[in-house]
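Please find one structure pasted underneath; my questions will follow.
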Amino acid sequence: MLLASLPPLWELALGGTAVGTGLNAPKGFDALAVSEIAALTGKPFAAAKNKFHALSSLDEMVFAHGAMKSLAGDLMKMANDIRWLASGPRCGLGEISIPANEPGSSIMPGKVNPSQCEQVTMVAVQVMANDVAVGLAASQGNFQLNVFLPVCAYNFLQSARLLTDSIHAFRTFCVCGIRPNRGRMQENLHRSLMLVTALSPHIGYENAARVAQLAFQEDITLREACARLGLLTEDRFDAIIRPEEMV
């Protein structure tokens with residue numbers, strides 16, 4: 001989505017002067033000025049074909065910032081998933097461990113705070129807020145000219161910088177150091193009541209529900225509950241459910 005949003009950004013309104021007419025600009029100024037900018041930056045900038053629209057609208061920046069907002073949303077979910085999976089180590093999921101970047105919590109000795117996940121989520125919130133500002137700025141202006149480009153550019157550039165710095169830090173100080181806790185994964189998987197879903201084709205929905213309810217009430221495994229209800233032998237249960245294949 002970020003790559004798809006680039007082509008409209010390459011078009012510049014230079015040479016449009018008075019509301020897109022090009023009045024008082026030397027002939028060929030737009031193409032010459034834009035070609036110089038393209039040469040200096042190494043980017044494929046081009047003169048806007050419709051300079052009236054280019055001066056009155058900022059929709060290409062709204063579109064591009066929308067792609068950054070989408071990225072922020074993805075990062076928000078990713079960071080939250082990681083800190084949930086790393087929660088614990090005894091009272092949470094604890095299926096992964098993340099690097100201990102700080103000596104510990106200021107309140108709880110030895111606690112590993114998910115500080116990198118937290119910075120990502122805070123950046124995501126800021127980018128989402130910036131998207132509101134960019135959208136509102138693009139809706140302003142009057143008739144042939146939108147003078148809200150500075151506030152639009154300010155928020156756009158801040159979002160790009162924040163996301164870039166945040167992603168690099170997140171990768172370096174968190175993601176690259178994630179380690180799986182396979183023992184805890186196996187434990188959680190075997191104790192999951194939702195494995196009962198795989199039994200429905202073999203014992204029926206109602207019986208599968210009875211198995212899940214008994215396993216929960218008695219704090220036993222699904223395997224034990226099936227055997228107690230006389231629905232499946234333990235060998236037959238093992239033939240149907242192979243949790244290892246689901247990891």
Verify the cluster assignment for L163 and F63: are they in a single hydrophobic cluster under the rule of side-chain heavy atoms below 4.5 Å apart? no
d(C117 SG, M78 CE) to nearest 0.5 Å is 10.5 Å
One pair to check against side chain to side chain contact (heavy atoms under 4.5 Å, CB included): T17 and N24. What are the steps and the verdict? CA-CA 7 Å; T17 65; N24 289 335; 5.6 Å; no
Got L136 and V132 here, is their nearest side-chain heavy-atom distance under 4.5 Å? yes
List the steps and the verdict of side-chain hydrogen bond (donor to acceptor under 3.5 Å, both in side chains) for R191 and N188. CA-CA 5 Å; R191 286 184 58 79; N188 288 343; over 6 Å; no
For the residue pair R83 and T121, establish whether any side-chain heavy-atom pair is separated by less than 4.5 Å. yes
Can you name the side-chain hydrogen bond (donor to acceptor under 3.5 Å, both in side chains) partners of S56, sequence neighbours left out? none
List in chain and number order the residues that pass salt bridge (Lys or Arg N to Asp or Glu O under 4.0 Å) with D235, two or more places apart in sequence or in another chain; answer none if no residue qualifies. none
Taking all heavy atoms of L14 and all of A33, pick out the closest pair and write down the distance. CD1-CB, 4.2 Å
Check whether any side-chain heavy atom of V125 lies under 4.5 Å from a side-chain heavy atom of M122, and answer yes or no. no
Rounded to the nearest 0.5 angstrom, the CG-CZ distance for L195 and R223 is 13.0 Å
Donor-acceptor contacts under 3.5 Å from residues 3-11 side chains, at least two apart:
unit_1 : atom_1 : unit_2 : atom_2 : d
S5     : OG     : L2     : O      : 2.7

Could you state the interatomic distance from CG (L231) to NE2 (H202), rounded to the nearest 0.5 Å? 13.0 Å
Is there a path of hydrophobic side-chain contacts, each under 4.5 Å between heavy atoms, that joins V123 and F173? no
What distance separates L162 CG from N130 CG, expressed to the nearest 0.5 Å? 7.5 Å
Is there a path of hydrophobic side-chain contacts, each under 4.5 Å between heavy atoms, that joins I167 and M68? yes
For L214 and E224: C-alpha separation, side-chain torsions, deciding distance, then whether side chain to side chain contact (heavy atoms under 4.5 Å, CB included) applies. CA-CA 9 Å; L214 178 63; E224 293 168 325; over 6 Å; no
Got a sec, which residues hit side-chain hydrogen bond (donor to acceptor under 3.5 Å, both in side chains) with Q144, two or more places apart in sequence or on another chain? none
Do the non-hydrogen side-chain atoms of L149 and M61 ever get within less than 4.5 Å of each other? yes
How about NZ on K111, more than 12 heavy atoms from neighbouring residues, nucleotides or ligands closer than 6.0 Å, or not? yes
Should L199 and F237 count as side-chain neighbours, where that means a heavy-atom distance under 4.5 Å? yes
Are any non-hydrogen side-chain atoms of S166 and Q119 less than 4.5 angstrom apart? yes
Linking I/L/V/M/F/W/Y whenever their side-chain heavy atoms sit closer than 4.5 Å, directly or via other members, would L157 and V134 fall into one cluster? no
Any link between L193 and I240 through a network of hydrophobic side chains (Ile, Leu, Val, Met, Phe, Trp, Tyr) touching at under 4.5 Å? yes
Residues I98, I82; criterion side chain to side chain contact (heavy atoms under 4.5 Å, CB included); working and verdict: CA-CA 8 Å; I98 57 177; I82 288 174; 3.9 Å; yes
Which residue pairs satisfy the ring pair (Phe, Tyr, Trp, His ring centres under 6.0 Å) criterion with at least one member in residues 65-98, sequence neighbours excluded? H65-F156
Working to the nearest 0.5 Å, report the span between OG1 of T221 and CZ of R228. 9.5 Å
With side-chain hydrogen bond (donor to acceptor under 3.5 Å, both in side chains) as the criterion, how do Q116 and N101 come out once you've worked through the C-alpha distance, each side chain's angles and the decisive distance to 0.1 Å? CA-CA 9 Å; Q116 281 299 314; N101 293 310; over 6 Å; no
Let's go through I203 and L232 carefully: what are the C-alpha distance in whole Å and the side-chain angles of both, what is the deciding distance for side chain to side chain contact (heavy atoms under 4.5 Å, CB included) to 0.1 Å, and is it a yes or a no? CA-CA 8 Å; I203 62 176; L232 289 172; 3.8 Å; yes
Pairwise side-chain contact, E95 with P180, heavy-atom cut-off 4.5 Å (strictly under): no
Validation: residues 40-51 side-chain donor-acceptor distances under 3.5 Å, sequence neighbours left out:
unit_1 : atom_1 : unit_2 : atom_2 : d
T41    : OG1    : I37    : O      : 2.8
T41    : OG1    : K43    : N      : 3.2
N50    : OD1    : F52    : N      : 3.2
N50    : OD1    : H53    : N      : 3.1
K51    : NZ     : D30    : OD2    : 3.0
K51    : NZ     : A48    : O      : 3.1

